[in-house]
Enquirer: 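Here it is: the structure, laid out below.
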Amino acid sequence: MGKSLARKKGLKRLKTQKTTKAVEQRMKKSFNDKPEMTKAAKQPRKKSFDDKVANDSLLTSGHSLKELSNSVDQEEDVFREPSVFDNLLNALESGSEKLATLSRKRQREQEGRSDSEEEEIVTFGSTSLSEEEDVDTGSASESSLGDAEEDDLGEHGPADMLEQTEEDETGDEDGTSDASDSQDLENSSQTVFDEPESTSSFHRHLGHILTNEEVDELMKKKWKFTWELPAISMPMSRWAGTGEQVSMETNNDQNYGLMQKLYNHWLDIYKTSGFRDFDSSRQRFFFSLCSSYRDILHCNKKPFYLKGNEEDSSIMDAYIMHAINHVYRTRDLVIKNDAKLAKHQEGNKEEVLCGGTFLDQGFTRPKVLFILPLGSIALRVVKRLIQLTPISNKANVEHMDRFSEEFGTGDAEDDDEQKHGSSKCQNPTKPADFQILFGGNNNDHFMLGIKFTKRSIKLYSDFYSSDIIVASPLGLITKIGEAEVEKEKDVDYLSSIEVVIIDHTDVIAMQNWSHVNTLAEQLNRMPSKQHGTDMMRIRQWYLGGHARFYRQTIILGSFLNPDMNALFNRLCVNYKGKVKLVTEYKSVLPKILLEVRQVYERFHAPSIADVDEARLDYFCKKVFPKIKDSIEGGIMLFISSYFEFVRIRNFLKSQNASFCLLGEYTKQSDISRARIWFFEGKHSWSTEFNYILSTREKGILP
């Protein structure tokens with residue numbers, strides 16, 4: 001323990017010197033790669049991190065601005081047209097012999113000197129390097145997030161701090177030495193990474209570097225679906241995709257891209273449930289689609305509340321396993337690199353980092369985002385996520401009681417029935433699917449952080465220390481709105497999301513779909529603050545502003561509408577390509593016993609932006625005059641958007657129309673009163689918003 005504290009103190013004493021060296025090395029690489037940078041990477045708003053760190057380093061080096069300016073002037077004889085980087089480098093080397101050594105090394109490289117001469121330069125600065133090692137021999141990283149008490153996963157902290165915090169959370173107070181911790185960490189990384197990185201879809205996907213031509217092509221948002229595959233147990237549907245065709249063949253050698261411990265645990269659960277042929281199952285195939293890291297649109301999924309519990313559960317298991325696999329692969333990659341860096345001497349650690357081998361992080365820690373419509377569905381997903389996590393990694397699940405209380409109904413039996421697609425008959429006047437869907441927690445305003453450590457799962461973790469965020473569209477929009485109003489708040493934890501899963505879009509469509517579009521546009525933006533990130537280990541495509549091209553978006557629902565299609569085509573720009581389910585639907589109009597007259601009217605709009613105004617104008621001038629004096633008994637208007645609902649309501653008031661309102665948040669007593677008035681003829685209009693009601697003959701509501 002004393003040794004660990006000494007390391008922390010040494011880390012703080014060397015923070016200034018090491019940051020200066022790290023910035024010099026990182027900026028050197030950035031300027032050398034300047035011709036490859038895209039326009040997005042050159043915009044002023046994206047230089048805040050490096051400029052901030054560089055400015056801090058200049059101020060802490062002990063020289064005034066005047067001295068820095070003089071040192072730059074002295075170098076003008078050598079460099080006739082110095083760049084911004086040259087000026088900064090000259091200023092830094094004037095206050096550090098070590099930086100001066102690296103500057104001379106850079107000069108020799110540019111002049112084409114031999115390797116032997118470069119080795120002499122490194123030897124020349126060995127004295128100062130050894131002095132640093134005497135001060136701090138145990139530090140593994142200069143990341144400031146390593147000082148945080150809750151950074152159990154170690155993505156942004158040094159290896160020794162990772163071990164210490166994990167022991168604290170699991171209650172290990174036996175005083176184990178740092179040497180044994182390091183050995184344990186090394187053995188763990190060797191066990192996990194028996195699989196070559198080149199064979200993992202995770203490493204292939206995140207390790208690919210996009211060229212400028214590829215980025216320009218993705219910006220055009222033109223997709224060609226070139227191949228098709230049959231859908232398992234869905235004769236009227238087929239999978240269509242872009243790029244290389246996904247294989248349906250089984251591949252047990254690589255566990256379908258799963259880590260070995262996750263594959264074994266999932267297989268055990270599958271067999272315990274009474275199933276046998278895992279390789280040919282629906283969930284195995286859908287997991288293979290997910291592990292290809294393509295954007296997926298599956299909007300013909302039979303939901304659990306429509307007697308589709310088996311199909312819904314298999315799809316849910318597949319995307320949950322994909323999310324867990326992504327989180328643990330990210331975790332183990334960071335731990336593996338921490339262990340490697342710990343073996344290097346402190347003096348040359350920054351030089352090793354500048355090689356680009358250890359780029360394994362984003363701006364912030366959260367990597368997976370679940371978008372779900374209701375608290376009851378969030379309860380169902382999170383409980384299944386905990387079940388699918390290997391036993392060795394969930395020895396302790398923190399705050400489970402609080403989670404069950406806030407997201408459940410308070411009755412464990414009812415929660416279990418709702419999870420399996422059944423529900424007690426609470427209101428016999430409602431259909432079965434209504435009772436199952438709304439029989440649990442109907443809260444649509446929630447956000448939850450989930451953090452994975454070596455031996456435990458922590459619910460309600462801080463968003464910046466979480467690995468997975470589970471939220472409703474309204475919950476996220478509220479956070480985004482608060483960040484826009486209050487400067488001290490931000491949503492930078494959305495900047496490094498790599499997997500987004502939007503389930504039950506059919507329910508979200510009945511809430512407010514514009515929230516989904518807004519939060520999708522908010523993802524993978526440049527953060528406004530540093531948040532203790534180790535700048536030397538951020539992947540290059542994050543710094544280049546290309547994170548959205550690496551984000552995988554999975555959209556799931558029971559039906560498809562234009563809004564979902566627009567989201568998939570416009571805001572999902574994954575470079576790996578797209579896969580979608582194409583379905584041919586059987587006609588249903590001939591099956592209608594009571595013939596209903598359906599009239600579709602077309603209206604003209606100058607542009608897409610003017611559609612809402614044109615629709616309202618057409619209703620006011622063409623439709624309303626025809627039906628305002630109707631004697632057919634009653635008229636019901638169904639409006640899917642709240643904004644249009646308000647505008648129609650205001651228009652009807654201006655026309656002194658007799659109408660009653662039913663909305664998503666209308667109280668039950670007001671609903672009953674409005675139905676009675678409509679039935680008795682006191683109001684001849686019923687305006688509905690997100691409240692589906694059928695009509696009987698003469699327009700009487702049931």
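Note that the coordinates shown come from a computational prediction; the quantities given were computed from them, not determined experimentally.
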Enquirer: Does a salt bridge link E311 with K302, judged by any charged N lying under 4.0 Å from a carboxylate O?
Expert: no
Enquirer: Where the side chain of Q435 meets the backbone of K430, is there a donor-acceptor pair that is under 3.5 Å apart?
Expert: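 Yes: the side chain of Q435 pairs with the backbone of K430.
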Enquirer: Taking all non-hydrogen atoms of both residues, which atom of R284 and which atom of D279 are closest, and how far apart?
Expert: NE-O, 2.8 Å
Enquirer: Strictly distance-based, threshold 3.5 Å: is any side-chain N or O of H265 a donor or acceptor partner for the main-chain N or O of Q387?
Expert: yes
Enquirer: Tell me, yes or no, whether the heavy-atom count around M219 atom CE, taken from other residues, nucleotides or ligands under 6.0 Å, exceeds 12.
Expert: no
Enquirer: Would you check if the side chain of N325 reaches a backbone N or O of M321 as a donor-acceptor pair within less than 3.5 Å?
Expert: no
Enquirer: Look at R384 together with D317 and state whether they make a salt bridge at an N to O cut-off of under 4.0 Å.
Expert: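 A salt bridge links R384 with D317.
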Enquirer: Is R548 paired with E521 through a side-chain N to carboxylate O contact shorter than 4.0 Å?
Expert: no
Enquirer: Does S376 use its side chain to pair, donor to acceptor, with the backbone of N442 at less than 3.5 Å?
Expert: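 Side chain of S376 to backbone of N442, a donor-acceptor pair under 3.5 Å: no, none is there.
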Enquirer: Do D467 and K367 meet the salt-bridge criterion of a basic N to acidic O distance under 4.0 Å?
Expert: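 A salt bridge is absent here (no side-chain N lies under 4.0 Å from a carboxylate O).
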Enquirer: Work out which heavy atom in G362 is nearest to a heavy atom in T533; give both atom names and the distance.
Expert: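 Minimum heavy-atom separation between G362 and T533: O-CG2, 3.6 Å.
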Enquirer: Is there a donor-acceptor pair closer than 3.5 Å between any side-chain N or O of K458 and the backbone N or O of K451?
Expert: no
Enquirer: Measure from the ring center of Y575 to the ring center of H205 and say whether it is less than 6.0 Å.
Expert: yes
Enquirer: Validate the cation-pi geometry between R380 and F304: distance from NZ or CZ to the six-membered ring centre under 6.0 Å, angle to the ring axis within 45°.
Expert: yes
Enquirer: Give a yes or no answer on whether the side chain of Y542 reaches the backbone of S496 with a donor-acceptor pair at less than 3.5 Å.
Expert: yes
Enquirer: Centres of the H322 and F202 rings: under 6.0 Å?
Expert: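 Ring centres of F202 and H322 not closer than 6.0 Å.
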Enquirer: List the atom of G408, the atom of L379, and the distance in Å for their closest heavy-atom pair.
Expert: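 Closest approach of G408 to L379: CA-CD2, 3.9 Å.
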Enquirer: Any chance the rings of W541 and H208 have centres within less than 6.0 Å?
Expert: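 Here the rings of H208 and W541 have centres that are no less than 6.0 Å from each other.
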Enquirer: Thinking salt bridges, do D360 and R539 make one under a 4.0 Å N-O criterion?
Expert: no
Enquirer: Going by the ring pair (Phe, Tyr, Trp, His ring centres under 6.0 Å) test, name the single residue among Y256, F278, W266 that passes it with F287.
Expert: W266
Enquirer: For Y263, does its backbone N or O pair with a side-chain atom of N255 as donor and acceptor, under 3.5 Å?
Expert: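 Not at all, since once roles are kept as given, no pair shorter than 3.5 Å links the two residues.
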Enquirer: How long is the straight-line distance from CD of Q283 back to CD1 of I320, given to the nearest 0.5 Å?
Expert: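 One gets 11.0 Å once the value is rounded to the nearest 0.5 Å.
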Enquirer: Would you find a donor on one side and an acceptor on the other, under 3.5 Å apart, between the side chain of S558 and the backbone of P303?
Expert: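 Looks like no, no N/O pair under 3.5 Å.
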Enquirer: Using a 6.0 Å distance limit plus a 45 degree cone around the ring axis, check whether K580 lies over the aromatic ring of F225.
Expert: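 Judged by the rule (NZ or CZ under 6.0 Å from the ring centre, within 45° of its axis), K580 counts as positioned above F225.
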Enquirer: Closer than 4.0 angstrom, basic N to acidic O: yes or no for K301 and D506?
Expert: no
Enquirer: Atom OG of S461 and atom CD1 of I450: how far apart are they, to the nearest 0.5 Å?
Expert: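 These two atoms lie 7.5 Å from each other.
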Enquirer: For E405, is there an ion pair with R402 - N to carboxylate O distance below 4.0 angstrom?
Expert: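 Result for this pair is no, no salt bridge flagged.
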Enquirer: Would you indicate whether K576, at its atom NZ, is surrounded by more than 12 heavy atoms from other residues, nucleotides or ligands within a distance under 6.0 Å?
Expert: yes
Enquirer: Would you say the side-chain atoms of S456 pair up with the backbone N or O of F452, donor to acceptor, closer than 3.5 Å?
Expert: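 Answer holds: no.
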Enquirer: Let me know which of N517, T518, N512 forms a side-chain hydrogen bond (donor to acceptor under 3.5 Å, both in side chains) with S514.
Expert: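 When side-chain hydrogen bond (donor to acceptor under 3.5 Å, both in side chains) is applied between S514 and each of N517, T518, N512, only N512 qualifies.
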Enquirer: Is it the case that K261 places NZ or CZ above or below the six-membered ring of Y328, under 6.0 angstrom from the centre and within 45 degrees of the axis?
Expert: yes
Enquirer: Quick one: CD1 on I555 to OG1 on T505, what's the gap to the nearest 0.5 Å?
Expert: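 Those atoms lie 7.5 Å apart.
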Enquirer: Does the S313 side chain pair with the main chain of E310, one donor and one acceptor, at a distance under 3.5 Å?
Expert: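 Side chain of S313 to backbone of E310: no pair is present.
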